[in-house]
Amino acid sequence: MRNIVTNEKLAESYTYIKHPSGLSIYIYPKEGYKTSYAVFGTKYGSIDTCFKRSDKDEYNKIPEGTAHFLEHKLFESEDLDAFDLFAKTGAQANAYTTFDRTCYLFSCSGNFNENLDILLNFVLSPYFTAETVQKEQGIIGQEINMCKDMPGRQSFFNFLRAMYKNHPVNIDIAGTVNSIAKITADTLFTCYDTFYNLNNMALAVAGNVDEKTVIEIADKALKTAQDITIDRVFDDEPETVVSQYIEEKMSVSIPLFDFGFKEIMETPERSLKEVIVKRIILEVLASKTSPLYKELLEEGLINDEFEAEYFTGTGYGMTIFSGESNEPKKVTEKIKEAIKKLKESKITEEDFERARKRLYGEAVMSFNNISGIANGLLVSHFKGDDLFSEFNILAGLMLEDINNALKDTFNENAQCLSVVIPK
Amino acid sequence: MEYNLSKHQIADGVTAVKVHAKGFKTACISFSFATNLSERNGENALATKLLLRSSKEYSDFTQIARQLAKLYGAELSSAVMKIAEQQVVKITINFIGDRFALDDESVAEQCLSLLVNLIFKPNIKSGAFDLTELESEKRLLLEQIESEKNDKATYARMKLEQLMHKDELYSLNKFGDEKAIKEISPDIAARVYADYLSRAVIRINLVGEMDFDGAISLLKEHFSSIERNPEKIDTLFIPAAEAEKYESETDEVKQGKLVIGFRAGMKNSDDNYYAARVMADLFGGGTYSKLFKVVREKMSLCYYCSALFVNQKGIILVQSGIETENEEKAKTAILAQLEDIKNGNFTDEDLNSSIDYLTDRYNSIGDTPNDLDYWFSQQIVTGKLKTPEEYSENIRKVTRDDVIKAAKRVTLDSVFMLKGVKEQEESTNA
């Protein structure tokens with residue numbers, strides 16, 4: 001299957017190909033660019049801790065941090081690691097794991113074909129032994145400890161823990177020193193055989209690339225995968241939070257906070273339209289254009305770090321306000337007052353249009369950057385959207401959509417504040 | 001992306017750099033101001049922060065933010081950097097290309113006009129900035145300074161700089177001294193800013209597509225009313241270290257931070273630049289580097305261990321996150337890697353990897369307006385206009401011998417260690 005997706009305003013287009021092997025491939029050429037970027041990813045992240053393959057009977061429950069562990073191991077083979085090979089081509093290679101995906105990538109200004117070949121082959125040739133697993137436990141242990149010294153990250157993950165009782169968004173992506181100690185080569189093979197099936201994966205290339213070459217390389221590297229589906233299991237999540245307040249003492253000078261409201265998920269995932277609507281609400285409520293921001297800043301309650309975001313994935317959705325403040329509780333009171341006021345007065349046409357223009361501009365800007373484009377293609381693929389749909393949704397939004405959604409946003413019965421305070 | 005580059009004299013010590021590139025979705029305009037690092041760092045940082053707070057036309061930051069949102073979310077930011085022994089304050093605006101606007105008005109023209117308005121028409125009444133805004137920005141600046149200290153890796157690097165450059169301007173904090181900042185009054189800030197506009201060396205980058213001629217004449221017009229008296233900017237280079245200095249501190253952190261400072265044997269920022277660049281990269285750059293391969297991968301001593309080459313000051317800093325008890329082991333291993341390079345113990349393959357990697361990076365810079373902007377604004381301290389492509393070509397010429405010679409010039413100057421303490425238990429309370 002081959003499909004060309006075009007956006008006239010941007011004057012850009014990309015090609016989608018469902019490769020016979022099962023892999024979804026996206027090719028997004030950018031005229032005039034010297035660099036190319038490729039990202040090869042699987043819909044497998046830290047929240048996928050309990051699952052079953054459609055052709056197997058048993059469910060697997062795996063240790064926290066396994067997706068990230070697997071990411072570290074896949075750039076290795078018996079005699080060398082992928083970085084050695086990428087080093088020879090001059091490419092910049094990397095990999096990352098999020099809550100819901102694991103991605104392997106490179107960018108380069110030359111040797112694209114060779115690099116793509118290395119990327120596909122490494123990710124598709126797992127090699128784990130007891131020794132290599134043990135060595136990685138040391139390196140990841142260091143990474144976990146490094147993260148524990150990052151106050152912003154600690155505040156955020158504490159927030160998720162206090163917010164979610166059962167959903168695995170409440171675990172750290174890297175796991176813990178104890179949980180990764182339980183990972184064995186067998187665990188890795190089980191996860192690999194499930195999630196690294198080409199039908200659960202996608203490849204996106206952008207920049208100085210052409211379709212014919214990419215397909216030739218893919219034809220050679222990819223073998224047809226068994227067509228399976230994956231059943232992911234999430235325990236029921238209560239509507240309320242675990243705890244309305246959580247704090248940790250760290251070596252910081254100003255307290256940091258994350259504050260937000262948990263949402264009930266009627267469907268497993270929020271649609272792109274729902275996400276955009278929430279972002280517009282947050283833009284009007286708490287961006288620098290808002291009366292709330294002005295009040296908080298002028299009363300000395302926040303600094304430049306303050307921001308509001310909408311955070312969602314399979315089975316979870318929440319609004320989050322984060323920043324630094326000597327009085328985090330007072331900040332949350334002000335936010336709640338502003339929410340109440342906004343719900344009473346409703347969002348005006350002027351505020352809505354300004355927010356919509358800003359989101360439109362941000363969307364245009366994102367098409368400058370080939371890494372943003374390629375990663376965006378993967379994210380929208382795993383969500384079942386196309387990369388340009390944001391433009392159409394934005395153009396079609398009505399003020400009424402926003403004000404209707406506002407009524408059900410910010411549920412006072414499911415709020416939580418996480419702070420990191422000085423020792 | 002192909003681009004055309006030209007330099008235009010706007011006023012004494014004020015240069016505009018035009019980077020005309022078609023095909024980007026965005027464009028950007030930036031003003032960089034450079035002055036020698038001094039006791040006045042705090043005053044400069046504070047006065048320039050006030051520019052983004054309000055102006056004669058925009059009564060408060062909400063009005064500025066609303067104008068930016070209307071300009072399709074144009075992004076306005078300011079940054080304070082230390083480049084060589086200069087404090088560089090940079091104010092940037094990024095915006096979408098005019099062809100994506102939903103009406104006929106030029107986004108570029110309005111963004112330039114906003115920027116010029118903020119810089120040349122500050123909110124100064126009766127010779128003073130607004131007291132409330134000043135106090136608020138003071139608080140923000142002080143919190144920014146504190147917040148840098150909270151990042152332990154940055155903190156350890158700052159401590160190393162203070163130790164290594166004790167008697168050099170380079171040891172000064174780019175944001176200034178906290179005590180001095182607290183004492184600044186609204187009228188002093190206004191005087192500081194007037195003086196700053198006169199004395200700073202200024203570079204204005206115009207990147208992407210816009211009416212360049214219109215922009216340049218607008219800039220000339222605004223600068224014509226300013227009496228310019230630009231500073232001569234200069235940086236002290238110390239080619240070789242004397243006795244090794246050491247300092248450590250203990251903090252309640254889980255991971256220790258080791259920073260090692262070297263003098264690179266340079267007399268100025270161009271001195272043996274290309275060979276030193278490759279050498280530093282082979283030492284602690286990409287995954288083929290000695291520090292990555294041996295100290296991280298083979299010895300599993302750290303999660304990160306890398307060498308930062310600061311050619312503008314002729315130094316190399318190795319930064320690493322390690323278990324506190326491994327300090328000696330890590331230090332010995334790091335120094336041994338440098339010795340290896342001095343003795344020519346590296347493969348041609350790794351050398352080629354380094355050269356390929358660096359040229360690849362230089363070649364990528366032209367693909368985003370922000371990278372181009374960053375590249376040309378960094379050169380404010382040398383006054384030069386060199387393209388990444390030129391660097392790329394010269395890097396290709398570096399030989400094994402050049403690298404060995406560059407390594408032999410390197411001397412160990414200072415070591416700083418931030419030690420962690422073992423904690424009794426996790427202190428998370430729900």
Proximity breakdown for [X] and chain A, heavy-atom pairs closer than 4.5 Å:
X        : value
B:Ala74  : backbone
B:Lys149 : neither
B:Gln63  : neither
B:Glu143 : both
B:Lys152 : side chain
B:Ala21  : neither
B:Arg139 : side chain

Between the side chains of [Y] and [X], is the shortest nitrogen-to-carboxylate-oxygen separation below 4.0 Å, so that they form an ion pair?
X        : Y        : value
B:Lys49  : A:Asp304 : yes
B:Arg396 : B:Asp356 : yes
A:Asp172 : A:Arg161 : no
B:Lys22  : B:Glu2   : no
B:Arg53  : B:Asp60  : no

With a 4.5 angstrom heavy-atom cut-off, is it the side chain or the backbone of [X] that approaches chain B, or both, or neither?
X        : answer
A:Gln92  : both
A:Glu143 : both
A:Leu359 : neither

Non-neighbouring partners of A:Lys73 that pass side-chain hydrogen bond (donor to acceptor under 3.5 Å, both in side chains), sequence neighbours left out =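 Partners of A:Lys73 under the side-chain hydrogen bond (donor to acceptor under 3.5 Å, both in side chains) test: A:Glu76, A:Glu136.
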B:Thr26 side chain near B:Asn94 side chain, heavy-atom distance below 4.5 Å =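 Side-chain contact under 4.5 Å: no.
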Heavy-atom check, side chain of B:Phe61 versus side chain of A:Lys294, under 4.5 Å =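 The answer is yes, as the side chains (C-beta and beyond) meet within the 4.5 Å cut-off.
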message = Shorter than 4.5 Å, heavy atoms on both sides: which option in B:Asp251, B:Thr132, B:Asn352, B:Leu301 has the most such pairs with chain A?
response =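 Going by pairs under 4.5 Å, I would pick B:Asp251.
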request  = On the 0 to 90° scale, with breaks at 30° and 60°, tag the A:Phe75-A:Phe83 ring pair as parallel, tilted or perpendicular.
outcome  =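 It falls in the perpendicular class, over 60°.
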ask   = Using the ring of each side chain (for Trp, its six-membered ring), is A:Phe156 parallel, tilted or perpendicular to A:Phe159, with breaks at 30° and 60°?
value =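 The rings of A:Phe156 and A:Phe159 lie parallel, inter-plane angle below 30°.
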message = Are there residues of residues 358-368 of chain B whose heavy atoms fall under 4.5 Å of chain A's heavy atoms? If so, which?
response =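 Answer by number: B:Asp360, B:Arg361, B:Asn363, B:Ser364, B:Asp367.
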request  = Enumerate by number any residue of residues 282-293 of chain B whose heavy atoms lie under 4.5 Å from heavy atoms of chain A; in the absence of such residues, state 'none'.
outcome  =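 The list, in residue order, reads B:Thr287, B:Tyr288, B:Lys293.
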task = Sequence neighbours left out, what passes side-chain contact (heavy atoms from CB on, under 4.5 Å) with B:Ala69? Give chain and number order.
result =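 Partners of B:Ala69 by the side-chain contact (heavy atoms from CB on, under 4.5 Å) criterion, ordered by chain and then number, come out as A:Thr289, A:Arg354, A:Arg358.
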ask   = Regarding A:Asn158 and A:Glu248, is there a side-chain donor-to-acceptor distance under 3.5 Å anywhere?
value =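 Judged by distance alone, the side chains do pair up.
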